[in-house]
Amino acid sequence: MPTNERGANRPRTNALTERRTPWGGIGFFTAVGLVAVAAVVFAFLQTRPSQADDDIKGVVVHDGLSRNHTTDPVDYPDSPPMGGDHDPTWQNCDARVYDAPLRNENAVHALEHGAVWVTYRPGLAADQVAALARRVRAVDYSLMSPYPSLDAPIALSAWGRQLKVQDANDSRIDAFLAKYVKGPQTPEPGAPCTGGKDTP
Amino acid sequence: MTEPVVTRPVVTRPARGRRAAVLLAALVLGVAAALAVLPLLRSGHADADSPEAGFARDMSTHHAQAVRMAMDIRDRTGDQAVRTLAYDIATTQSQQIGMMTAWLDEWGAPKTDPRGPMRWMGHAGHGGAQAAGAESMPGMATPAQLRALDAASGRAAEVLFLRLMITHHRAGVEMAKAVLTRTGDEQVQRLARSMAAAQQSEITLMEGMLAERSAA
């Protein structure tokens with residue numbers, strides 16, 4: 001009868017009662033187990049955020065900057081400043097292009113709110129300025145202004161982070177904006193880019 | 001169960017044992033593959049170009065302007081109905097910006113796209129040359145309109161605010177509906193649905209308020 005075919009014709013084997021060591025089975029399941037472990041490790045690695053691998057070449061870091069409000073002029077160690085004490089009123093940074101230099105103390109407050117400040121040396125070619133302005137107008141929480149004493153054609157500043165570049169089409173500009181606009185360096189996440197100082 | 005246990009050495013590997021082993025192995029491998037692939041699927045949200053990330057970024061920018069206009073009108077009028085509406089918009093939409101920012105944090109997605117807004121809805125061009133400004137986003141007030149609002153006061157400011165905010169809300173409802181057709185993410189759907197419903201009802205309210213003021 002079909003129901004008995006297997007049982008009747010073949011002796012039953014049992015790993016516990018079998019005399020020979022089932023090396024084949026052990027090897028097979030060991031391999032399967034290794035694959036499973038590898039998959040779990042891979043899955044674990046995938047879920048971990050990869051922070052270290054997107055470092056932007058040339059970014060200067062300045063940590064430990066103070067954050068007091070003052071209406072007095074502030075002497076900043078960096079030029080342009082990338083943080084420190086600042087004016088109680090922030091410079092508006094709603095994708096804003098200013099055509100005159102800004103007061104450092106107001107711009108630094110915008111950095112505290114998570115903005116990226118794009119500055120350029122006066123005299124930069126018009127097409128370079130236009131390329132920068134196009135970027136800034138597309139990016140809320142960014143602002144742009146000329147910076148007379150700048151020692152590079154272009155500088156991008158976020159709170160405690162700065163990148164100086166020679167060319168407005170440098171691909172690191174977009175990378176810097178994507179990483180630092182409202183980025184993890186922001187001392188005051190959620191603070192506005194409107195309602196502050198609206199003119200240079 | 002019916003047969004006695006056989007201890008005789010087996011010459012050939014039993015077919016049933018092999019089948020069970022293959023089945024078990026397939027099961028283990030299947031689970032392992034699922035474990036490996038699931039995080040990859042989930043990290044689809046982290047993609048800077050996903051509709052969810054685009055929506056979170058652009059709606060944050062859109063909301064930020066609504067908050068600004070609402071705060072502006074509260075400085076420009078003493079009318080209680082308009083001030084209450086503005087308070088509602090400013091506080092609600094600030095809160096929602098925070099929610100969307102937290103999503104982007106969680107997804108590891110950037111808070112901005114320098115290539116320009118609205119690309120997830122198929123608007124604007126790609127690449128740098130045509131990158132559109134934030135004011136090109138549907139429903140956004142232009143810098144000139146914002147200056148006009150800042151310069152106005154009383155009834156004139158209320159009428160201008162209501163007109164600008166109705167336009168702003170209409171585009172907001174459209175954006176919320178657009179992401180609903182593009183996402184399966186429940187938390188995104190929930191917020192987008194509540195935005196569409198709340199802003200739609202505020203549009204009706206503002207149209208009534210505008211009619212009262214225009215008719216007078």
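Residue numbers begin at 1 in each chain, while the letters A, B, ... track the order of the sequences. Basis for what follows: all heavy atoms, side chains included, without hydrogens, waters or symmetry-related copies.
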**Request:** Answer with side chain, backbone, both or neither: which region of B/Asp72 has an atom nearer than 4.5 Å to a non-hydrogen atom of chain A?
**Result:** neither
**Message:** Is B/Leu24 in contact with chain A via its backbone, its side chain, both, or neither, using a 4.5 Å heavy-atom distance?
**Reply:** side chain
**Request:** Using a strict 4.0 Å threshold on nitrogen-to-oxygen distance, state whether B/Asp113 and B/Arg119 make a salt bridge.
**Result:** yes
**Heavy-atom pairs under 4.5 Å with chain B, option from A/Ala39, A/Gly33, A/Gly183, A/Ala31 with the top count** = A/Ala39
**Prompt:** Can the ring centroids of A/Trp117 and A/Tyr147 be said to lie less than 6.0 angstrom from one another?
**Reply:** yes
**Message:** Ring-plane angle category for A/His86 and A/Trp159, please: parallel below 30°, perpendicular beyond 60°, tilted otherwise.
**Reply:** perpendicular
**Request:** Using non-hydrogen atoms and a 4.5 Å limit, figure out which bit of A/Tyr180 sits close to chain B: side chain, backbone, both or neither.
**Result:** neither
**Request:** With a 4.5 angstrom heavy-atom cut-off, could you sort out which part of A/Phe29 is near chain B: side chain, backbone, both or neither?
**Result:** side chain
**Prompt:** In Å and rounded to the nearest 0.5 Å, what is the NE2 to CE distance from B/His168 to B/Met206?
**Reply:** 10.0 Å
**Prompt:** Under 30°, 30 to 60°, or over 60°: which ring-plane class applies to A/Trp90 and A/His113, parallel, tilted or perpendicular?
**Reply:** tilted
